[in-house]
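Structure record follows, encoded as structure tokens.
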Amino acid sequence: MTLKLYNSLTRSKDEFKPLVKGKVGMYVCGPTVYGHAHLGHAKSYISFDILVRYLRYLGYNVTYVQNITDVGHLTDDADQGQDKLDVAARKEHKHPMAIAEYYTRSYFADMDELNCLRPDISPRATGHILEQIEMVKILIEKGYAYESNGSVYFNVSKFKEYGKLSGRNVDEMISGARVEVSPDKRNPADFALWKKAEPNHIMQWSSPWSMGYPGWHIECSVMSQKYLGETIDIHGGGIENKFPHHECEIAQSEAANGVQFVRYWIHNNMVTVDGQKMGKSLNNFITLSQVFSGAHERLTRAYDPIATRQLILNSHYGSPLDFSDASLHSAQSGYEKITEAVKTTRKQIANAKQGDADTKVAEQLGELKKKFEAAMNDDLNTSIGLSVIFELVKLTYSLIEKPETTSATLIKIDDMFSLLGGDVLGIVKEIYPETNQGDDEIIDELVKTFIEQRAQARKDKDFAAADAIRDKLDAIGILLEDKPGETIWRRK
RNA sequence: GGCGGCGUAGCCAAGUGGCCUACGGCGACGGUUUGCAAAACCGUUAUUCAUGGGUUCGAAUCCCAUCGCCGCCUCCA
């Protein structure tokens, strides 16, 4: 059984075979850093994080490149638009590079929270202006591009396969065009490789054609080639970028190099919020930090970043996902159930009796692992993958109930949680901090004092007094839970 | 106008020709536990897959039609 991936280029589930045995070069379109990361970023980068993790699980040596777009691209059509970073910079009275730096850090912080592995290389577009100019030169030399009034455009009519990824043809695009066409272009479908800058444009570089800045698509062609070679195994990105972005990348790279650019194109689907496209004007735009803190009018509480991750894994990456407070809530409950089971297992390992691991359990674990791999091999069916983790939860509790279960058996369970739930899905942690870690020690001491008083009241059968203490703490947001032998507390 | 997707239990969601009286989760309900709770565990919760036709020995899965929803075609993950 081998990994099959839905390849947008062939429109079929293809068996994955890397160009070089055992090695995978993977490029994913990264964020434009002019604002905080939102739910859409989460779905996209978690989906590709799963792909990287699973490829590594299968033993591949993966080089994962994800760019940071810090050249502001245009908010609108080529000639009327404004540079997004430029807009943010003027608004915040900062240099565009300061804006880029700030939001890049914010992006990585959010991705760390979501337990997405950092890419091996995170190249910045502004760090590769020279290479971009070089590629534009090659395209002009080879007759695929032309200069016009200080800007350079790719001549789409010269690249016969233009449209092969998105299934469009040039004529359809013209009829559907919603924006005015620049007079500098020979053909409305042509796209910019280099743009001449207006004098007040903050970010601009010198080139053989003008003081200007690179076109939007060229950075990905250049940076993927620089770090992964002319032909890369996997290129990922959001489905909304299939056209024009990825189509243009193919045109540029294949025209310049004369070889296939990408072998497997993987596109993840989009996010809606309460059933509608997420947009700043719709008041349903939710950033990740808002999800993690609960500071949004559509959210009733804060959600664990890993619960957010789990919600995303609950459906297929190729399907659209609707976020709502209810769906997050559901994921949060499920996540806590898994977490609780893992913690209980680890606690029980110390208490369980000694002896060999149960061979029947080992067999069951083998079956679960097989089911998990079969699901993941089938175009990364994380929904089934997750269901295997829940089956593992069920198995765990059935074992913990039995006194004959040995710690060796539980260690095997824990290993499976860590391998499938941790290494591959990224929802099981190696270490869980103590319940109240991060809380003020003084608060902890105070609550413990109340817990002691309540324990005494319960001992005296004065349940009215005991309940009064519990209710009082509940009112200020502290929950008491009576466990065997002890009472623990947590915030609501 | 062009391109693409979706419609499965109260909600999320897997399954895309027989193993489906449909994986799993959330919620709800019942039980175990508890002084009572909480938490946890156990159990129950779609003979049916938007609707109507058709193909087939056999359809949630294929075809046609109808209705509804969504996305892309402009920067966007």
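Worth saying up front: this structure is predicted, and the values here are computed from it rather than measured. Numbered from 1 within each chain, the chains take letters A, B, ... in sequence-line order.
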Check your understanding: A:Arg454 side chain to A:Arg470 main-chain N or O, any donor-acceptor pair under 3.5 Å?
Key -> no

**Study point:** Polar side-chain atom of A:Asp120 near backbone of A:Tyr64 as donor-acceptor pair, under 3.5 Å
**Key:** yes

Quantified in whole Å, what is the [atom1] atom distance between nucleotide [N] and nucleotide [M]?
N     : M     : atom1 : value
B:C19 : B:C49 : P     : 15 Å
B:C64 : B:G71 : P     : 25 Å
B:U44 : B:A60 : C1'   : 24 Å

Exercise for review: Would you mind telling me which of B:A77, B:G71, B:C73 lies closest to the side-chain atoms of A:Phe243?
Suggested key: B:C73

Revision key, fill the gap. Comparing nearest nucleotides in RNA chain B, the 5'-proximal residue of the pair A:Lys371, A:Lys337 is A:Lys371

Check your understanding: Where does the angle between the aromatic ring planes of A:Tyr45 and A:His41 fall among parallel (under 30°), tilted (30 to 60°) and perpendicular (over 60°)?
Key -> parallel

Review point. Using the ring of each side chain (for Trp, its six-membered ring), is A:Phe191 parallel, tilted or perpendicular to A:Phe154, with breaks at 30° and 60°?
Key: parallel

Practice item. Mark up nucleotides 29-39 of chain B, 5' to 3', with B wherever a protein heavy atom is under 4.0 angstrom from a base atom, S wherever such an atom reaches only the sugar-phosphate, and - elsewhere. Key: ------BBBBS

Study note, to complete from the structure: Readout for nucleotides 8-17 of chain B: B = base within 4.0 Å of protein heavy atom, S = sugar-phosphate only, - = neither; 5' to 3' it is ----BSSS--

Check your understanding: Of the residues in residues 385-398 of chain A, which ones touch RNA chain B at a heavy-atom distance under 4.0 Å?
Key -> A:Ser387, A:Phe390, A:Lys394, A:Tyr397

Check your understanding: Less than 4.5 Å apart, any side-chain heavy atom of A:Leu3 and any of A:Leu55?
Key -> yes

Point to revise | A:Asp414/A:Arg346 under salt bridge (Lys or Arg N to Asp or Glu O under 4.0 Å): CA gap, chis, key distance, verdict | key: CA-CA 7 Å; A:Asp414 184 32; A:Arg346 290 178 184 170; 2.8 Å; yes

Check your understanding: Can you list the residues that meet the side-chain contact (heavy atoms from CB on, under 4.5 Å) rule with A:Pro96, with sequence neighbours excluded?
Key -> A:Ala89, A:Ile202, A:Met203

Study note, to complete from the structure: A:His128 meets the ring pair (Phe, Tyr, Trp, His ring centres under 6.0 Å) criterion, sequence neighbours left out, with A:Tyr227

Revision key, fill the gap. If one requires at least 3 consecutive Watson-Crick or G-U pairs with distances under 3.5 Å, the stems of RNA chain B turn out to be B:1-7 with B:67-73, B:10-12 with B:24-26, B:27-32 with B:40-45, B:50-54 with B:62-66

Point to revise | A:Arg118 charged N/C atom sitting above A:Phe108 aromatic ring, 6.0 Å / 45° | key: yes

